[in-house]
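Written below as structure tokens is the structure these notes are about.
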There are 2 protein chains.
Amino acid sequence: MENETTTPPAKPSARTKILEAALSVIRTKGYSATTVDDLCAAAGVTKGAFFHHFKSKDELGVAAANFWAEMTGALFAGAAYHQPSDPFARILAYLDFRIALLGGDVPEFTCLVGTMLQETYDAIPAIGAASYASIEGHADTLAKDFEAAIALYGSPGCPGAKSLALYSQAVLQGAFILAKGQGDAAIVRDSVSHLRRYLCLLFNKPEEIQL
Amino acid sequence: MENETTTPPAKPSARTKILEAALSVIRTKGYSATTVDDLCAAAGVTKGAFFHHFKSKDELGVAAANFWAEMTGALFAGAAYHQPSDPFARILAYLDFRIALLGGDVPEFTCLVGTMLQETYDAIPAIGAASYASIEGHADTLAKDFEAAIALYGSPGCPGAKSLALYSQAVLQGAFILAKGQGDAAIVRDSVSHLRRYLCLLFNKPEEIQL
DNA sequence: GACGACATACCAACTAGTCGGTATGTTATT
DNA sequence: AATAACATACCGACTAGTTGGTATGTCGTC
């Protein structure tokens, strides 16, 4: 019935099943340690189907990064955190939304493209580039709210919108790494609360600090 | 002259050469994509030597994490940033030191254990645990300065020393990931300056903010 | 002459990728 | 509307090369 991807097909095609499997398998095992057979088994398709849709494992990697960008792009675009009319309130709501996304086990809330970028930036530049593009694309949506917040509440010497947006992503990515060491999301929550405190101090909103 | 590893040998033994090779090769290619042959070639030793010193590739991974902890532990313990008598000044000096360490290409300044933790936390828990222990051990040395700084300058509601130390590591780890996407260290410098600004705001040291 | 530190040769298992084949459309011509 | 020509989606056995790991040999030193 409903369907809105780039390609016209409407059924749970093998391609989509492989892509969806890739999101979870690669986040758990990493890109290099994930075999094509792993992906096929998780997706419930055969190797023939895999290589029908993707020329190589690396091409699947690039497609997975783009698929991730589409999925998360839609998720964030449709989220309620855009509702506040005040841009700083939207930023705080964004952070709350990131916290709300932390359900489930570690591989379920960590970032596919952060993981892939780390592994592939040197050996498989195409995957690294697609992964970074996904992160930067997301940061750019955040940067718009920062831009507006700076215009309203920024003091002289305030860092730029893009810089703040990228820093926010760095904090999240770093927290995900530590979460993998600790086995749960506590450190992500803690790191986001530091980030929130920083932004409140920076934009002179002391009343918003505690949560 | 000096030597303090688990084994007594003092010459550039095969074991040491393999460990040193591991630091650079794994940071470049990632753990899974690094083959034992890669390591042997980079170290200039044969496979026989490799398996003489390490029972398996995974054992080398654990040893590399511990080796990294020793190396970086010595580097930071011997650094000049401990000199200031004021604990907050020591923290700022620590951040400056992290910036000073950013020379060279991306694989040369990024963190081995952050990379390995990301890849191995689920599939090879021993490596993940050793990697996280290295990060946490480093954070603990930082936490001491935070403890003292909080005692001197902390306001009510100030986050704990350990939390601040771990957050600092998360910022660095996340910035390293983005640096891999951008191809240089600029984002690390930028992220550290955000962290510095946060700490200055938190500890009420506005005069230290800009650099 | 025994033992630790390495070298050389080798293997079994696994991996990405191929290839011939089938089933199910789609399109166009008659 | 029937049919020929072609395209798309998928299957699963196969292969060539790679990988972690082993077995055995050599050499220097205590």
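This structure is a prediction, so every number in the text was calculated from the model and none was measured. Naming: A, B, ... by sequence-line order, numbering from 1 per chain.
- Not counting sequence neighbours, the partners of A:Lys29 by the side chain to side chain donor-acceptor pair (under 3.5 Å) test are A:Asp38.
- Shown here are the side chain to side chain donor-acceptor pair (under 3.5 Å) partners of B:Thr115, two or more places apart in sequence or in another chain: B:Lys180.
- Here A:Glu136 pairs with A:Lys162 under the side chain to side chain donor-acceptor pair (under 3.5 Å) rule; sequence neighbours left out.
- Rounding to whole angstrom units, CG of residue A:Asp58 and C1' of C:dA16 are separated by 10 Å.
- Of the residues in residues 31-44 of chain B, those placing a heavy atom less than 4.0 Å from an atom of DNA chain D are B:Thr34, B:Thr35, B:Val36, in numerical order.
- Straight-line distance from the CG atom of B:Leu60 to the C1' atom of D:dG21: 14 Å, rounded to whole Å.
- Cation-pi geometry between A:Lys57 and A:Tyr31 is satisfied (NZ or CZ under 6.0 Å from the ring centre, within 45° of the ring normal).
- Side-chain contact of A:Tyr81 with A:Arg90: a donor-acceptor pair under 3.5 Å is absent, judged by distance alone.
- Annotation: side-chain hydrogen bond (donor to acceptor under 3.5 Å, both in side chains) contacts involving residues 184-193 of chain A, sequence neighbours excluded, comprise A:Asp190-B:Ser163.
- Non-hydrogen atoms lying under 4.0 Å from DNA chain D are contributed by A:Thr46, A:Gly48, A:Ala49, A:His52, A:His53, all within residues 46-55 of chain A.
- Rounded to an integer number of Å, the gap from CD of B:Glu59 to C1' of D:dG20 is 14 Å.
- Taking the six-membered ring for Trp and the full ring otherwise, the centers of A:Tyr132 and A:Tyr121 sit at least 6.0 Å from each other.
- Taking the six-membered ring where the residue is Trp, B:Phe76 and B:His138 present tilted rings, their angle falling between 30° and 60°.
- For the pair A:Lys57 NZ and C:dT18 P, the computed distance is 15 Å after rounding to whole Å.
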